[in-house]
Amino acid sequence: MRQIIIIGSGPAGFTAAIYAARANLKPLLIASSVEAGGELMNTTEVENYPGFADGVQGPELMAKMQEQAEKFGTEVVYDDVTHLDFGDTIKTVTLGNGEKHEALSVIFATGSAYRKLGLDDEERLSGRGVSWCATCDGFFFKEKVIAVVGGGDSAMEEATFLTRFGSKVIVIHRKDTLRASKIMQERAFANEKIQFVWNSEVVGIDGEEAVEGLRLRDTVTGEESTLPVGGLFVAIGNDPRTHLVHGLLDLTPEGTIAVAGRSSKTSQTGVFAAGDVIDPTYRQAVTAAASGTVAALDAEHYLATLPEELLAQAGDPALASVTN
């Protein structure tokens with residue numbers, strides 16, 4: 001049995017691991033077998049993370065975080081969690097290979113996933129003109145014509161923000177009215193750099209090495225057309241990865257894990273949550289990392305309240321894995 005298990009390998013998970021390991025809690029971090037490193041693994045240049053004046057590649061940043069966590073004693077396992085049991089005191093985490101790991105506390109930091117259009121070229125041109133985060137990548141689209149797909153508040157926020165960089169921002173929406181709040185609509189309509197293409201959906205993305213244009217289909221007539229653009233931002237929402245804790249932890253109306261105030265404490269004693277899985281608003285690497293810090297400190301304080309004999313049982317990682 002361990003003192004702490006961390007589920008998730010993005011900025012929140014690895015930052016929590018760094019703090020927990022430095023506190024000599026000997027954390028086990030469960031990284032996905034196929035998506036280890038989180039959303040930053042799909043990001044090229046990261047210029048807004050403190051400490052990297054010349055920018056850093058997303059995968060490089062995550063590799064450095066993992067290296068730092070392992071330096072202090074974090075054990076990383078590449079597998080997928082298939083089942084969770086949050087008992088009153090002992091928590092059990094079951095992996096895809098059948099192994100069960102027990103711990104006195106768990107930090108859940110599985111992040112969120114941007115909703116995608118589902119186009120083949122969307123993946124191929126990710127980081128080469130296709131993005132899901134204007135605050136992350138807008139700087140790279142100076143003086144370009146930029147397309148934004150979506151009709152909600154997030155799409156209007158993205159479009160308005162991108163006018164700082166692009167020569168023109170074209171919002172593409174599959175209907176003839178927006179679902180964004182009135183104030184966000186008014187702000188977008190009043191911006192002379194924002195144009196709208198109504199009743200249209202993106203069915204293809206053109207460009208070999210970078211985005212050069214979009215293929216659109218009219219949702220009313222079915223007619224297809226092309227739209228030359230230098231970038232595409234998909235703003236149709238995101239989904240926190242909470243499927244493992246449905247029925248186990250309380251969720252917010254936005255679908256994120258509910259925590260108490262500014263803490264990381266969930267509805268289950270000894271279970272903490274951090275990063276995008278609790279954040280429906282900011283979803284930045286630096287805020288996720290800060291949230292991981294909070295979770296590690298909350299977990300450390302919780303563990304300090306447990307009986308010494310119970311902590312002694314969790315002191316040997318060699319006894320942490322139990323196989324059926």
Side-chain angles (χ1 to χ4, degrees), residues 39 42-45 112-239 254-255 280-284:
E39 291 296 319
N42 299 319
T43 304
T44 51
E45 194 81 7
S112 65
Y114 293 111
R115 293 177 190 159
K116 299 182 178 181
L117 299 173
L119 304 174
D120 292 339
D121 290 327
E122 184 179 15
E123 298 294 336
R124 181 177 65 84
L125 293 171
S126 172
R128 293 187 290 171
V130 176
S131 176
W132 294 266
C133 179
T135 55
C136 305
D137 301 328
F139 179 81
F140 303 108
F141 293 83
K142 287 185 174 181
E143 299 305 317
K144 291 186 177 182
V145 176
I146 307 169
V148 175
V149 177
D153 279 357
S154 61
M156 297 308 101
E157 290 174 2
E158 299 274 277
T160 301
F161 180 82
L162 288 168
T163 59
R164 303 181 187 183
F165 308 103
S167 60
K168 182 193 302 182
V169 176
I170 302 174
V171 175
I172 302 167
H173 187 42
R174 59 184 296 109
K175 298 181 179 181
D176 59 1
T177 58
L178 300 172
R179 64 178 184 277
S181 60
K182 183 177 180 180
I183 188 171
M184 292 303 299
Q185 291 191 44
E186 291 176 347
R187 196 171 296 168
F189 289 144
N191 194 313
E192 60 182 17
K193 294 180 73 173
I194 298 178
Q195 298 180 6
F196 290 85
V197 175
W198 304 104
N199 295 322
S200 296
E201 60 183 353
V202 179
V203 294
I205 307 172
D206 296 328
E208 290 298 321
E209 300 298 325
V211 172
E212 297 177 359
L214 304 176
R215 296 192 300 279
L216 307 181
R217 176 188 296 137
D218 190 298
T219 57
V220 177
T221 66
E223 182 181 352
E224 295 196 2
S225 60
T226 58
L227 179 68
V229 298
L232 170 64
F233 284 78
V234 181
I236 55 177
N238 73 301
D239 297 303
E254 294 86 0
T281 305
Y282 301 104
R283 300 193 302 271
Q284 299 295 303

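Position 1 is the first residue of the sequence, and the numbers go up from there.
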(request) Please name all residues satisfying side-chain hydrogen bond (donor to acceptor under 3.5 Å, both in side chains) with Glu157, sequence neighbours left out, ordered by chain then number. (result) none
(request) Report yes if some heavy atom in the side chain of Phe141 is under 4.5 Å from a heavy atom in the side chain of Leu162; otherwise report no. (result) no
(request) For Asp121, enumerate each residue passing the salt bridge (Lys or Arg N to Asp or Glu O under 4.0 Å) test, keeping only those at least two apart in sequence or located in another chain. (result) Arg124
(message) Ignoring hydrogens, what is the shortest heavy-atom contact between Ala147 and Ile172? Give both atom names and the distance.
(response) CB-CD1, 4.0 Å
(request) Determine, step by step, whether Val145 and Leu227 satisfy the side chain to side chain contact (heavy atoms under 4.5 Å, CB included) criterion, reporting the C-alpha distance in whole Å, the side-chain angles of both residues, the deciding distance to 0.1 Å, and the verdict. (result) CA-CA 10 Å; Val145 176; Leu227 179 68; over 6 Å; no
(message) For Gly151 versus Leu178, what's the shortest heavy-atom pair and its separation?
(response) O-CB, 3.6 Å
(message) Within this structure, what is the CD1-CD1 distance for the pair Ile194 and Ile170, rounded to the nearest 0.5 Å?
(response) 11.0 Å
(request) Taking all non-hydrogen atoms of both residues into account, name the closest pair between Tyr114 and Cys133 and its distance. (result) OH-CB, 3.7 Å
(message) Would you say that more than 12 heavy atoms from the other residues, nucleotides or ligands in this model lie under 6.0 Å from the NZ of Lys168, or not?
(response) no
Using residues 196-205 as the side-chain source, report each donor-acceptor pair under 3.5 Å to any protein atom, sequence neighbours left out, with the distance given to one decimal.
unit_1: Asn199; atom_1: OD1; unit_2: Asp176; atom_2: N; d: 3.2
unit_1: Ser200; atom_1: OG; unit_2: Trp198; atom_2: O; d: 2.9
unit_1: Glu201; atom_1: OE1; unit_2: Arg174; atom_2: NH1; d: 2.9
unit_1: Glu201; atom_1: OE2; unit_2: Arg217; atom_2: NH1; d: 3.3

(request) Apply side chain to side chain contact (heavy atoms under 4.5 Å, CB included) to Tyr282 and list each qualifying residue two or more places apart in sequence or on a separate chain. (result) Asp279, Thr287
(request) Evaluate the side chain to side chain contact (heavy atoms under 4.5 Å, CB included) criterion for residues Phe233 and Val169: first the C-alpha distance (whole Å), next the side-chain angles of each, then the deciding distance (0.1 Å), finally the verdict. (result) CA-CA 10 Å; Phe233 284 78; Val169 176; over 6 Å; no
(request) Identify which one of Arg115, Glu122, Glu158, Lys116 satisfies the side chain to side chain contact (heavy atoms under 4.5 Å, CB included) criterion when paired with Val234. (result) Glu122
(message) I need the full list of salt bridge (charged side-chain N to carboxylate O under 4.0 Å, His left out) pairs touching residues 141-150, with sequence neighbours left out, sorted by first then second residue.
(response) none
(message) To the nearest 0.5 Å, what is the distance between CG on Asp153 and CE on Met156?
(response) 8.5 Å
(request) Can you see which heavy atom on Leu214 is nearest to which on Val229, and at what distance? (result) CG-CG2, 3.7 Å
(request) Please report the closest heavy-atom contact between Ser154 and Ala235, naming both atoms and the distance. (result) OG-O, 3.7 Å
(request) Not counting sequence neighbours, which residues clear ring pair (Phe, Tyr, Trp, His ring centres under 6.0 Å) with Phe161? List them please. (result) Phe165
(message) Please give me the minimum heavy-atom distance between Ala155 and Val148, naming the atom from each residue.
(response) O-CG1, 3.8 Å
(request) State the CZ-CD distance between Arg128 and Glu208, to the nearest 0.5 angstrom. (result) 9.0 Å
(message) Quick check: do Cys136 and Gln284 have side-chain heavy atoms less than 4.5 Å from each other?
(response) yes
